Novice: 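What follows is a single structure, and I will ask about it in a moment.
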Amino acid sequence: MSIVMDATDISRALTRITHEILERNRDAEGVVILGIPTRGDELAQRIAAKITEVEGTEIRAGSLDVTLYRDDLRLKAPRALLKTDVPEDIDDRVVVLVDDVLMSGRTIRAALDALSELGRPRAVQLAVLVDRGHRELPIRADFVGKNLPTSKSERVRVRLRETDDTEDQVSIEEGAA
Amino acid sequence: MKHLLSAADLTREDAITILDTAEELLGVAKRPIKKLPTLRGRTIVNLFFEDSTRTRISFEAAAKRLSADVINFSAKGSSVSKGESLKDTALTLQAMGADAVVIRHHASGAPHRLAHSRWTRGAVVNAGDGTHEHPTQALLDAFTMRSRLGDLAGKNVTIVGDVLHSRVARSNALLLDTLGAEVTLVAPPTLLPVGVESWPVRTSYDLDAEVEKSDAVMMLRVQRERMNASFFPSAREYSRRYGLDLARMNRLPDHAIVMHPGPMNRGMEINADVADSDRSVIVEQVTNGVAVRMAVLYLLLGGATEEETA
């Protein structure tokens, strides 16, 4: 196992992503931050807190569970649903989806489907902490914390204080494959 | 979980998973587009050998919100009225490719027979069998209580009325016990089933003695259609001793709720003023019913079936 990002790296990456989001969208006006549970959810909270800090306006992050929209439901035993909590109407807003690791792009496809049933955002942008490549769909991230070239057999693990009860950390582990 | 036949089959974890899933799915009803793609391409048959409006439409709404295809089969006006057996009906449905069968039958144990025969490969959901069980009703009742009262452990639930003919009472007693609630059945002695001593409940003949400590009161419908003997002297006497009127309702604790699985006999087991009061969650029970049934269908059909993983 090798550690590729520690707590400081993660914090810096999130600060940069926050500024990039604000730069791209002028300010926080009309921006809705939605994290994909469980870790994207937590990252979304942190980004929202940073935006509030920088802009001085209160921003609330929400969460969007995509389980029911996944294309691999039939390949596994039924999974428990996670929290969906969309704080405001998303019609004509800019939605920034937040996830921890971007790989195949299938989770994001499911998220786009889920979003389209909640309303019609003006634009959807994607922020991820780690982009490890191996895309299976034509999807790319707008804001990337770190590009991490990996082999398919490796596993990228993101651990966060709130969800994993350890220090913030991104590591690469040798997979069983 | 392959089938849902009895509330007794559910462990505490199973029950909590269903209730938590239902809580997330309840949000779907509030959206402009009340539809999820999850069960696209799956076929669910509502096999109803007994009249039912609310349970059938509740299952139908639940299946449709998950994008499943729904086939409604009611015994009236079908080949069953020409004498077809349950087996042949089931084989027909299997041949049509049913992934799940939601069955209501006047004979206790029919869903069990269907699930353990080799007649159908689909999941079987018991939507009420004879005077035996009605597990999804118990789940939606538990869901409603949990959303109003919080965790059910240690809560006092009083179930009043025609327990003898009630599958709702049995399923509720079993599930509520699993979830840690204390259940009291209140009924005239003639309307308590034989063997009730073995249920995980207390029994009482006196409603007035129970109201003050109840967190939830569930009134059962007096099932006249199943009554072939005199179980009580007159409707008026029943209503006076076991009906919920305003005076009794006002003696409930402030937070207590009034429930009824429907359809109600207003003026018999429940007074109209009570049914329409703020404490009554009867309409909420119907809304929650759709979410709970969506959760059950999702957990039974949403993932890989055994054949697909093999």
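All values reported here derive from a predicted model rather than from experimental measurement. Every chain is numbered from 1, with letters handed out A, B, ... down the list of sequences.
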Novice: Counting only heavy atoms not in A/Glu23, do more than 12 fall under 6.0 Å of its CD?
Specialist: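 No, not enclosed.
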
Novice: Tell me whether B/Met96 at atom CE has more than 12 heavy atoms from other residues, nucleotides or ligands lying less than 6.0 Å away.
Specialist: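 No, CE of B/Met96 has 12 or fewer neighbouring heavy atoms, counting only those of other groups under 6.0 Å.
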
Novice: Looking at A/Glu162, I want to see if its CD is surrounded by more than 12 non-hydrogen atoms of other residues, nucleotides or ligands under 6.0 Å.
Specialist: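 Check passes, neighbour count above 12.
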
Novice: Residue by residue, scan residues 60-68 of chain A and write down, ordered by number, those that have a heavy-atom distance under 4.5 Å to chain B; if none do, write 'none'.
Specialist: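 Checking residues 60-68 of chain A against chain B gives A/Thr67, A/Leu68.
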
Novice: Residues of residues 78-94 of chain A under 4.5 Å from chain B (heavy atom pairs)?
Specialist: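 The stretch touches chain B at A/Pro78, A/Arg79, A/Leu81, A/Leu82, A/Lys83, A/Thr84.
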
Novice: Should we count NZ of B/Lys87 as having more than 12 external heavy atoms under 6.0 Å?
Specialist: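 At most 12 heavy atoms, drawn from other residues, nucleotides or ligands, come within 6.0 Å of this atom.
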
Novice: Show the nearest heavy-atom pair for residues A/Glu117 and B/Pro32, with the distance to one decimal.
Specialist: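 A/Glu117 and B/Pro32 have their closest heavy atoms at O-CG, 4.5 Å.
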
Novice: Answer yes or no: are there more than 12 heavy-atom neighbours, outside B/Arg40 itself, under 6.0 Å from its atom CZ?
Specialist: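 No, not enclosed.
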
